[in-house]
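This report concerns only the one structure given below.
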Number of protein chains: 2
Amino acid sequence: MNLEEKQISSNTLFEGSFLNIHQDQILLPNGNQTQRVVVRHSGATCVLAVTDDERVVLVRQWRYAAGRALLEVPAGKLDAGEDPAECALRELAEETPYVAERVEYILKFYTAPGFCDEVIHLYRAVNIRPNSTLSPDQDEFVETVLLNREQARAAVENGEICDGKTLIALQYWFNE
Amino acid sequence: MNLEEKQISSNTLFEGSFLNIHQDQILLPNGNQTQRVVVRHSGATCVLAVTDDERVVLVRQWRYAAGRALLEVPAGKLDAGEDPAECALRELAEETPYVAERVEYILKFYTAPGFCDEVIHLYRAVNIRPNSTLSPDQDEFVETVLLNREQARAAVENGEICDGKTLIALQYWFNE
């Protein structure tokens, strides 16, 4: 079956530093036309970092869109042209009191492909150690939370952890 | 630590049928101000449906934002006031040649809380059977794909399955 939808025209609703929003007129496979709102995102990485004593490094931060604080794996948007692995190392160092020797690629995924092209690249941090030169962004408010496997499983089951990328990263860890 | 960010003002950039986009001026915990673009979404459900012969029911559809077809669990946006469980039953029936006797709640999660309030509710379909009265939306183009556990694991590992909600649903299935 031909599934492809083709752009006819595009109207920019918003241009920001990491998000652009368009309303496109498109052609459906059956020849009909419709409109789609598309959020164009610069992409992001997240990182599964586990300490020597088998505790996962999570961050609690306010999520304005959700109207609440969420408990998540360290993550952040890609800078222009940035390698996703470098971004993973950078975000771990910026958001937590840990740094990693290196990261290994696990997988990547679309977060909300119904309306957004954001791809998150998930990495596994290797050989993490405390970071003695922490210098957080003064406008970033992030708490570090360490959970062992049992605590992390409980937090998924009771809904305390309810962020998609974090569920994917933790399920990967649980199955290692 | 006080993490809360408070709205000072809100400017509507776009109002659509299931997406509203705002640019808000907000107050950070340290008293500084900044702006946030927020995508307000009506929410969605997705459904893990497995046949009697242990194959998961997936759908392949064009994702305009991603510029490609993706392989996903059946899913869809909540209608206004719709119960998420009813939505899961409806989407399974609309998008695939299967219906379920009922669904059981697994968990819910934010897809992209950095800029969007979308919550997806994940359900497990119970007692699915072929649907003899399929009447798909004429502007919806969806192929059904059935994969056993081994095939689904391979599709995750080789990147053919790269949708966040589908990874969460499949990892749940793999661990059942």
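Below, chains carry the letters A, B, ... as their sequence lines are ordered, and counting in each starts from 1.
- Within the 4.5 angstrom heavy-atom criterion, atoms from both the backbone and the side chain of B:R60 approach chain A.
- Using a 4.5 Å cut-off between heavy atoms, B:Q171 contacts chain A through both its backbone and its side chain.
- Contact of the A:T12 side chain with the A:N20 side chain is not registered, since no non-hydrogen atoms from C-beta on lie closer than 4.5 Å.
- For the set B:A112, B:G114, B:A69, B:G16, the entry with the most heavy-atom pairs within less than 4.5 Å of chain A is B:G114.
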Verdict with supporting geometry, B:Y98 and B:T51, side chain to side chain contact (heavy atoms under 4.5 Å, CB included): CA-CA 9 Å; B:Y98 294 93; B:T51 62; 4.1 Å; yes
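- Residues of residues 37-47 of chain A lying under 4.5 angstrom from chain B, judged on non-hydrogen atoms, are A:V37, A:V38, A:V39, A:R40, A:H41 in numerical order.
- In terms of heavy-atom pairs under 4.5 angstrom with chain B, the leader among A:Q35, A:E72, A:K165, A:R68 is A:R68.
- The pair B:E157-B:R153 fails the salt-bridge criterion, with no side-chain N (NZ, NE, NH1 or NH2) lying under 4.0 Å from an Asp/Glu carboxylate O.
- The backbone N or O of B:N32 sits less than 3.5 Å from a side-chain atom of B:N30, completing a donor-acceptor pair.
- Judged purely by atom type and a 3.5 angstrom limit, A:N2 uses its side chain to pair as donor or acceptor with the backbone of A:E4.
- Scanning all heavy atoms of the two residues, the minimum distance from B:E5 to B:I26 falls at OE1-CD1, 3.3 Å.
- For B:F115, the parts lying under 4.5 angstrom from a heavy atom of chain A are both the backbone and the side chain.
- Looking at heavy atoms from C-beta onward, A:C162 lies in side-chain contact with A:L70 at the 4.5 angstrom threshold.
- Heavy atoms of B:Q7 lying under 4.5 Å from chain A belong to its backbone as well as its side chain.
- Panel note: side chain B:R102, backbone B:N127; no donor-acceptor pair is recorded below 3.5 Å.
- When each of B:Y64, B:F109, B:F18 is checked for heavy-atom pairs under 4.5 Å with chain A, B:Y64 comes out on top.
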CA sep, side-chain torsions, deciding dist, call: B:Y110, A:R63, side chain to side chain contact (heavy atoms under 4.5 Å, CB included): CA-CA 10 Å; B:Y110 290 94; A:R63 290 305 200 173; over 6 Å; no
Before you tell me yes or no, could you show the steps for B:L58 and B:L71 under side chain to side chain contact (heavy atoms under 4.5 Å, CB included), namely the whole-Å CA-CA distance, both residues' side-chain angles and the distance that decides it to 0.1 Å? CA-CA 6 Å; B:L58 300 178; B:L71 195 53; 3.9 Å; yes
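- Counting non-hydrogen atoms of neighbouring residues, nucleotides and ligands closer than 6.0 angstrom, the CG atom of B:D53 exceeds 12 such neighbours.
- Counting heavy-atom pairs closer than 4.5 Å to chain A, the top residue among B:N175, B:I168, B:D117 is B:I168.
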What do the steps show when you test B:V99 against B:L89 for side chain to side chain contact (heavy atoms under 4.5 Å, CB included), and what is the final call? CA-CA 7 Å; B:V99 290; B:L89 288 165; over 6 Å; no
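- Hydrophobic clustering of Ile, Leu, Val, Met, Phe, Trp and Tyr side chains at less than 4.5 Å, counting indirect connections, keeps B:L122 apart from B:V126.
- Enclosure of atom CD in A:E150 is not indicated, since only 12 or fewer non-hydrogen atoms of other residues, nucleotides or ligands lie within 6.0 angstrom.
- Of all the listed residues (A:T166, A:D163, A:V156), the one sharing the greatest number of non-hydrogen pairs under 4.5 Å with chain B is A:D163.
- Closest non-hydrogen pair, B:Q61 versus B:V142, comes out as OE1-CG2, 4.1 Å.
- Heavy-atom pairs under 4.5 Å with chain B peak, among A:G159, A:G67, A:A66, at A:A66.
- Within residues 78-85 of chain A, no residue approaches chain B closer than 4.5 Å by heavy atoms.
- Interface residue B:I21: only side-chain heavy atoms are found under 4.5 Å from chain A.
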